[in-house]
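Note that ligands are numbered from 1 as they come in the structure, with each ligand's atoms numbered from 1 the same way.
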Amino acid sequence: MPTANLSSHTVRLDELMQKIAKHKGCSSSGKTGCGSKAGSGDLPPEIWEKVKNHPCYSEEAHHHYARMHVAVAPACNMQCNYCNRKYDCANESRPGVVSERLTPEQAVKKVLAVASAIPQMTVLGIAGPGDPLANPDKTFKTFELVAKAAPDIKLCLSTNGLALPDYVDTIQKFNIDHVTITINMIDPEVGAEIYPWIFYRHKRYRGKEASKILSERQLEGLEMLTERGILCKVNSVMIPGINDQHLVEVNRAVKARGAFLHNIMPLISAPEHGTVFGLRGQRGPTAQELKALQDKCEGEMNMMRHCRQCRADAVGLLGEDRSQEFTLEKLRTQEVKYDLATRRAYQELVEQERKAKAQAKQQELQALAGTRSELKILVAVATKGGGRINEHFGHAKEFQIYEVSATGAKFIGHRRVDLYCQGGFGEEDALSTILQALGDCHAVLVAKIGGCPKAELKAAGIDPVDQYAGQFIEQSAIAYFKEYLAKVERGEIEHRARGDAQIRQGGLLAGVA
Ligand code: CLF
Ligand code: SF4
């Protein structure tokens with residue numbers, strides 16, 4: 001029976017994790033630590049091989065596998081109005097921000113330390129804090145050293161694309177199989193609102209001329225990469241009133257050039273970030289605006305909806321950041337032994353867990369077969385990874401949101417919230433922000449919840465559910481939906497659309513401008 005197998009796998013994973021932590025002298029707190037929703041049967045085998053354990057290229061994989069970034073690339077060759085790399089705060093989570101810059105040699109030591117402590121870390125990305133291709137020596141040296149020292153780790157690069165066509169051959173030579181290009185426009189008129197300048201071929205360009213060059217270089221680089229079979233993801237920052245409508249055209253253009261995945265992310269903007277947009281009061285999109293645009297673009301190309309807008313030195317599962325466990329100071333005294341056999345053993349158990357999860361979901365879905373209902377509900381889930389409902393309501397820093405209907409459960413995003421439980425006590429202010437953030441959800445599925453928040457959630461029309469504690473998310477969401485439908489059909493409850501949510505992003509209530 002799937003549930004029994006799964007619990008035993010979880011125990012084995014925990015045991016193995018504890019052994020690893022003990023052996024390496026690392027924390028054993030237990031807090032271990034897309035895009036494409038496709039499974040192994042839906043993609044050509046060579047593509048599946050590339051995405052199956054990449055937490056950004058596969059939505060399903062992001063519950064199980066972690067990534068890390070090394071901040072070896074400080075310089076940038078252009079300026080975006082949403083970026084200020086001088087800002088440095090360990091609690092800040094957005095691209096461009098780091099606490100420590102590393103040399104390639106320091107970066108490799110960090111990669112080996114993380115790979116040993118977090119065996120499900122499968123991808124090394126270089127994403128800044130500037131542009132990796134504006135720092136080509138440091139970037140490619142790091143990739144070269146990591147490929148030698150830890151050949152099982154996938155290499156990933158994220159660039160603004162300005163220098164990309166010049167480095168496509170080098171990217172291929174170093175077996176960098178995943179490249180992200182940030183493309184916010186294909187129309188220089190729009191670009192002039194986002195980019196004040198670029199520095200290209202020893203010359204500074206401004207205005208529309210700058211954006212024209214940038215766009216041509218981005219699209220050329222994308223085409224060159226996809227022609228060589230390198231998987232490309234396009235990131236776009238949604239900036240209301242500037243490029244929000246235009247991103248539909250961007251989507252078409254990148255799809256036509258072979259991009260595998262499109263990740264439309266909300267602008268993170270606050271005056272304290274010191275960015276042009278932040279200081280100008282430019283707002284980010286609401287969750288509804290973002291979802292509507294993502295839905296509009298969803299067609300033949302997969303849309304990524306699980307991006308966490310990581311720091312350039314992020315470590316761990318998407319949504320968690322363990323970078324403070326691997327600072328230069330801590331690495332200085334740490335003995336690191338790269339143990340490939342233990343990594344493989346751990347990942348084998350993860351794969352068994354994934355199979356069990358898929359089977360459990362299938363079984364639950366079969367029970368829905370033939371259901372004609374058009375109803376859709378949103379459920380929020382508290383999880384700390386592994387695809388299970390395994391987080392206490394009061395300890396959740398974010399909730400994952402699933403849209404559930406007769407066709408199944410679909411991940412549609414996450415909502416960051418303030419911790420409700422602080423120092424053992426419930427924080428009333430935090431609860432009100434959580435209620436706002438989950439305002440469009442019908443239920444919240446948690447491992448545990450106290451009496452007070454339970455009552456307040458109920459009063460706000462959100463069903464607090466702890467009966468699926470420890471179980472798989474999608475299986476449980478579908479099971480909850482079945483019960484919900486049955487109650488509606490029996491007339492015990494009335495289905496009603498929920499109100500809008502106010503979503504925190506980057507420490508702001510985005511969309512409440
Ligand atoms: Fe890093 Fe980017 Fe590679 Fe992922 S992140 S370089 S593709 S390994 Fe991922 Fe982070 Fe979103 Fe980037 S969640 S910001 S999409
Ligand atoms: Fe910042 Fe990246 Fe833009 Fe450079 S390309 S200014 S690092 S966001």
Side-chain angles (χ1 to χ4, degrees), residues 34-36 50-51 53-59 61-62 65-87 93-98 111 121-135 139 143 153-164 176-184 191 194-199 210 214 217-218 230-237 239 260-269 273-277 302-321 413-414 506:
C34 173
S36 175
K50 287 180 186 176
V51 304
N53 61 1
H54 193 308
C56 302
Y57 281 70
S58 160
E59 189 277 311
H62 100 279
Y65 289 104
R67 54 74 184 102
M68 72 175 292
H69 291 163
V70 285
V72 294
C76 191
N77 46 12
M78 57 189 261
Q79 183 61 54
C80 306
N81 280 337
Y82 49 76
C83 177
N84 176 8
R85 298 190 308 285
K86 288 186 196 124
Y87 193 95
S93 183
R94 64 196 164 89
V97 175
V98 296
V111 171
M121 189 280 286
T122 46
V123 178
L124 165 70
I126 300 186
D131 184 71
L133 298 181
N135 305 260
T139 294
F143 280 135
I153 291 178
K154 287 185 162 70
L155 306 179
C156 194
L157 174 79
S158 178
T159 175
N160 61 35
L162 181 58
L164 183 56
I176 299 158
D177 251 348
H178 300 81
V179 176
T180 295
I181 314 169
T182 299
I183 302 182
N184 296 322
I194 305 170
Y195 307 106
W197 56 262
I198 65 165
F199 193 73
L214 176 64
R217 299 279 290 169
Q218 289 174 330
I230 294 168
L231 271 198
C232 290
K233 171 163 75 62
V234 169
N235 281 0
S236 301
V237 181
I239 311 162
F260 176 73
L261 200 57
H262 194 185
N263 173 24
I264 299 182
M265 312 178 292
L267 172 73
I268 297 174
S269 176
H273 296 154
T275 61
V276 171
F277 282 153
N302 294 305
M303 298 302 294
M304 177 179 188
R305 297 176 192 248
H306 62 284
C307 177
R308 300 302 202 278
Q309 294 174 281
C310 318
R311 292 164 56 99
D313 59 3
V315 172
L317 292 172
L318 301 191
E320 73 173 3
D321 185 10
H414 65 280

Ligand 1 versus Q309: contacting region, heavy-atom distance under 4.0 Å: backbone
Which atoms of ligand 1 have any heavy atom of C156 under 4.0 Å away? 3 (Fe), 6 (S), 7 (S), 8 (S)
Shortest non-hydrogen contact from R308 toward G319: CG-N, 3.3 Å
Partner set under salt bridge (Lys or Arg N to Asp or Glu O under 4.0 Å) for K50, not counting sequence neighbours: D177
Under 4.0 Å from any heavy atom of C307, which atoms of ligand 1 are there? 11 (Fe), 13 (S), 14 (S), 15 (S)
With heavy-atom distances below 4.0 Å as the criterion, list the atoms of ligand 1 near L318. 13 (S)
Pick from V123, D313, V111: which one makes a side chain to side chain contact (heavy atoms under 4.5 Å, CB included) with M68? V111
Which atom names give the shortest non-hydrogen contact between C232 and Y57, and what distance separates them? C-OH, 4.0 Å
Should M68 be listed as contacting ligand 1, given a heavy-atom distance under 4.0 Å as the test? no
Enumerated ligand 2 atoms positioned under 4.0 Å from heavy atoms of N160: 5 (S)
Heavy-atom contacts with C76 under 4.0 Å: which atoms of ligand 2 show up? List them by number with element. 4 (Fe), 5 (S), 6 (S), 7 (S)
Using a strict 4.0 Å cut-off to heavy atoms of G130, name the atoms of ligand 2 that fall inside it. 7 (S)
Straight-line distance of L162 CG to F199 CZ, nearest 0.5 Å: 10.5 Å
Indicate the atoms forming the closest heavy-atom contact of Y82 with N184, along with that distance. OH-ND2, 2.9 Å
List the atom of D131, the atom of S158, and the distance in Å for their closest heavy-atom pair. OD1-O, 4.2 Å
Check whether Q218 reaches the backbone of N160 with its side chain - one donor and one acceptor, N or O, closer than 3.5 Å. yes
List the atom of A210, the atom of I198, and the distance in Å for their closest heavy-atom pair. O-CD1, 3.5 Å
Can you sort out which atoms of ligand 2 are near M78, meaning under 4.0 Å from one of its heavy atoms? 4 (Fe), 6 (S)
Answer yes or no for A134: is there a heavy-atom contact with ligand 2 below 4.0 Å? no
Atoms of ligand 2 under 4.0 Å from any heavy atom of P129, numbered from 1 in the order shown, are 7 (S)
Check contact between Y82 and ligand 2, using heavy atoms of the residue and a distance below 4.0 angstrom. yes
Ligand 2 versus C80: contacting region, heavy-atom distance under 4.0 Å: both
Among A127, C83, P132, G161, closest by any non-hydrogen atom to atom 1 (Fe) of ligand 2: C83
Atom indices of ligand 1 within 4.0 angstrom of R308 heavy atoms, with elements: 11 (Fe), 13 (S)
Closer than 4.0 angstrom: is that true for some heavy atom of K233 and an atom of ligand 1? yes
Taking every heavy atom of P129 against every heavy atom of A71, the minimum-distance pair comes out as CD-CB, 3.8 Å
For ligand 1, which part of H178 has a heavy atom less than 4.0 Å away: the side chain, the backbone, both, or neither? neither
Considering the heavy atoms of V123, write down every atom of ligand 1 situated less than 4.0 Å from one of them. 8 (S)
Can you tell me which residue among K233, H178, R67, H62 is in a side chain to side chain contact (heavy atoms under 4.5 Å, CB included) with H54? H178
Using a 4.0 Å cut-off to any heavy atom of T180, which atoms of ligand 1 qualify? 7 (S)
Atoms in ligand 1 with a heavy atom of H69 nearer than 4.0 Å: 1 (Fe), 5 (S), 6 (S), 8 (S)
Just verifying a value: how many Å separate E320 CD and C310 SG, rounded to the nearest 0.5 Å? 11.0 Å
